[in-house]
Enquirer: 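Attaching a single structure in structure tokens format; questions to follow.
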Number of protein chains: 2
Amino acid sequence: MNQQPLINYLQKVLPMPTEKAEQIASTLQYKFVPKGTFLIEEGKVCDTSYFIAEGCARMYTNDMDGNDVTTMIFSNAMFANDFYSFFKRIPALESLVTMSDCETFFISFEDLQRNFHTIPEFREFGRMMLINGSFALKQRMLSMIKQTGEQRYAHLMETKPEIFQHIPLKNIASYLGITDTSLSRIRRDFMRKD
Amino acid sequence: MNQQPLINYLQKVLPMPTEKAEQIASTLQYKFVPKGTFLIEEGKVCDTSYFIAEGCARMYTNDMDGNDVTTMIFSNAMFANDFYSFFKRIPALESLVTMSDCETFFISFEDLQRNFHTIPEFREFGRMMLINGSFALKQRMLSMIKQTGEQRYAHLMETKPEIFQHIPLKNIASYLGITDTSLSRIRRDFMRKD
DNA sequence: TAACGAACTTGTCTTATGTCAAGTAGAAAA
DNA sequence: TTTTCTACTTGACATAAGACAAGTTCGTTA
């Protein structure tokens, strides 16, 4: 239950004095979460927010044909949440499941609201996290328009190589917007190049 | 300078007493913006936020090959902004240009920050707008994964038919993630069906 | 040990979409 | 009026990626 990764994350998103970061960190509770645990379940209101200090999780939903589509991949030092369900208090449209044993710090909706009202830095931190999340989403959306599946794969390999150790390729494929068949061929071609 | 669309929008995003909405609305200033005006310019810090009460605008950026890619289309009763540039005080990566004469209400970064600190409802409104924006972005990203260009076109025709009167098809095509050639064929096939 | 199932690969064929180039139409400029 | 430009369309061909089906590999269960 080393809080350092959480403190570092808080300060990275919104520069603030270490004491403030420690104060905020102390409002989250440590929890070990084994592989295969659902942190968010589709259809239920998401009322806990998880910081994944160590480990890896996958958010997914089903499309009209019932196919499992990975919508987001969380790994070391990221906040995992369905903000839409969390803040609007409506059933989540997606599920979140751990893909490895995880070291997490969590906070309930109530405690988070209290923080919002009592710690201005937390408010700012929350805003920055939403803005950063939106930016990442927009970049990913643009990569769907501007790049090929192969380019998206190469980028993912560079930026988050660790996820390939925990997440099946078929799930990574849907995250990249391609089929598992295509990903398999892309990987074969990559092997041959190197 | 009828503020009603703005007041309606505020209350739609975050239900609040009409007096509160009117108070917030009074912190924005009316401005008529002719077609072809840049509200945000790539490379400059975005320090004004615009509510487009009436009219239509297009956000775009250039990809590596120098192609113009439409990243977002704003029309009646929407807030147009580059939050990433606005809140982080860094140069915008995109430009925003009006595609028709527009009736707008704008607010400066300073006034908005003041509102954040003095009007709790405004703070909540801002948070909700960010969350709604993220949700829309995620849906659009998923539509790039799960749907064909034709399906995305059909959806856009249903939800924002008005933009086809002001925005050239080539710009709409890049927004849909297809080429203008493909959009032209999709539209031809649609004509034949009906 | 054998059987099974999930993850992954590969072959074949199809399809959506892109690329490039030529052509049309209408508005704006000369 | 003629010219020019931009938006848009269309044809011919190329390519990325999907669909489907048949393996292969490997860990788990019986």
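Model, not experiment: these values are computed from the prediction. Just so we're on the same page: letters track the sequence lines, and every chain starts at 1.
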Enquirer: Round to a whole Å and report the spacing from NE2 of His166(A) to P of dA7(C).
Expert: 16 Å

Enquirer: OP1 or OP2 of dG18(C) sitting under 4.0 Å from any side-chain N/O of Thr181(B)?
Expert: no

Enquirer: Ignoring backbone atoms, test whether Thr179(A) places a side-chain nitrogen or oxygen under 4.0 Å from the OP1 or OP2 oxygen of dA17(D).
Expert: no

Enquirer: Within 45° of the six-membered ring axis of Tyr175(A) and under 6.0 Å from that ring's centre, is NZ or CZ of Arg140(A) located there?
Expert: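 Yes - Arg140(A) lies over the ring of Tyr175(A), closer than 6.0 Å to its centre and within 45° of its axis.
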
Enquirer: Looking at Arg185(B) and dT19(C), is any side-chain donor or acceptor paired with a base atom of the opposite kind under 3.5 Å?
Expert: yes

Enquirer: Rounded to whole Å, how long is the line connecting atom CG of Asp189(B) with atom P of dA16(C)?
Expert: 10 Å

Enquirer: For dG18(C), does either OP1 or OP2 sit under 4.0 Å from a side-chain N or O belonging to Ser182(B)?
Expert: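 So the side-chain polar atoms of Ser182(B) do come within 4.0 Å of the phosphate oxygens OP1 or OP2 of dG18(C), strictly under.
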
Enquirer: Take atom CD1 of Ile145(A) and atom P of dT17(C), then tell me their distance rounded to the nearest Å.
Expert: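 Spelled out: CD1 on Ile145(A) to P on dT17(C) is 13 Å.
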
Enquirer: With rounding to the nearest 0.5 angstrom, report the OG to CZ distance, Ser100(B) to Arg58(B).
Expert: 13.0 Å

Enquirer: Write down the distance between CZ (Arg187(B)) and P (dT10(D)), rounded to a whole number of angstrom.
Expert: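 So the CZ-P distance, Arg187(B) to dT10(D), works out to 11 Å.
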
Enquirer: Nearest-Å distance, CG (Asn67(A)) to C1' (dC20(D))?
Expert: 14 Å

Enquirer: Once you round it to whole Å, what is the distance between C1' of dA16(D) and OH of Tyr153(A)?
Expert: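 Result: 17 Å.
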
Enquirer: Strictly under 6.0 Å, is that where the ring centroids of Phe79(B) and Tyr50(B) end up?
Expert: no

Enquirer: Verify, without hydrogens or angle tests, whether Ser174(B) (side chain) and Asn171(B) (backbone) share a donor-acceptor contact under 3.5 angstrom.
Expert: yes

Enquirer: Nearest whole Å is fine: how far is dG26(C) C1' from Leu169(B) CG?
Expert: 15 Å

Enquirer: Taking atom P of dA7(C) as reference, at what distance in whole Å does atom CG of Asn171(A) sit?
Expert: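 Taking atom P of dA7(C) as the reference, CG of Asn171(A) is at 8 Å.
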
